[in-house]
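Note sheet for the following structure.
In listed order, ligands and their atoms are each counted from 1. This one's a predicted model, so the numbers in the text were calculated from it and none came from an experiment.
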Amino acid sequence: MRIEHWQTQDERRTVIGVEGLERPLTLMHITDSHMAAADERDPEALEVAAECQQLFQNLTPGNVPPQQLFEQALERSNRFSVDCTIMTGDIIHFPARAAVEIIERGVDALRAPYLYTLGNHDWHFPYLPRNDATRLEFYPRLAHLAGHSPAAQVMALGGARLVALDNSNYQVTDEQLEFLYRQLQTGEPCLLFLHIPLYTPTLAPPVLDNWKIPIMMAAPGWTEQARKKNKMRESDPSTTACHRLLTRGAPDNLVGVFCGHVHLAHAGELCPGRFQYVTREGFRNGYRVIRLEPL
Ligand SMILES: [Fe+2]
């Protein structure tokens, strides 16, 4: 399948030529808004909500609440008449009911469909252990935003397939990998949306610069000490298999991988001719308009 990535100088605009599309498509990618909010329904989160709200507001351009930037981003989706808005996680800083409702109000105002996949903060309160039990406990609060299928979703749109996998614990399960295979086997152009980017040699330097640890999926370079401190287990075989599938001679009909998590903007090859795009964090007014043109 012919797929041509036309690199622009603008980190907020990606243009890709795709063979087999029925029509041009415009997508809005938003990630990592880190909105913190809570009310009396989550009393134990009240204090941390106030702290985190201020912390992220201090990092926004113009010192505005991250919620304002999130709402502006969704208004932009409507103004640009996008075909779909895709949110790749950490849109909220923890899953207090009041925070989830901010997302609900936002997506209710969208005129086109949306896809929401979870990040590692979406399901985790700072005072709880970061593990799969916590993740499963809070999945239900966000499941309705993720099509009641947070682990793996797909949307068919204009001859393309938008696939979203939740890899917010740095892992992909056998079932998710099977789901991805099935989508790719349709032969239609597939775009993959994840929270956590795949390790690539070109993404590693800016990530290490920012974070000092390699917070990418299937990344080498974790020390035992850093693994312990960050509760980071080794990659499961299915995670390694997914990384291999997407980085070693990636499937012919993979248009691109789009993700967030590392709070920077980046475009780099997964393998010759196939790209991964990382979108800047929403609380710094990051977003990416993805334009797909039929070839
Ligand atoms: Fe994240």
**Message:** Restricting to N/O/S atoms, is Asn120 within less than 2.8 Å of the Fe ion (ligand 1) or not?
**Reply:** yes
**Request:** Check whether any N, O or S atom of His261 sits under 2.8 Å from the Fe ion (ligand 1).
**Result:** yes
**Request:** Check each of His93, His121, His263 against Asp32 using the side chain to side chain donor-acceptor pair (under 3.5 Å) test, and report the only one that passes.
**Result:** His263
**Prompt:** Parallel, tilted or perpendicular: which describes the rings of His144 and His148, with under 30° parallel and over 60° perpendicular?
**Reply:** tilted
**Request:** Can you see which heavy atom on His243 is nearest to which on Tyr199, and at what distance?
**Result:** NE2-O, 2.8 Å
**Request:** Compute whether any side-chain donor of one residue and acceptor of the other, for Asp10 and Thr8, lie under 3.5 angstrom apart.
**Result:** no
**Asked** What atom name does the N, O or S atom of Asp90 nearest to the Fe ion (ligand 1) carry?
**Response** OD2
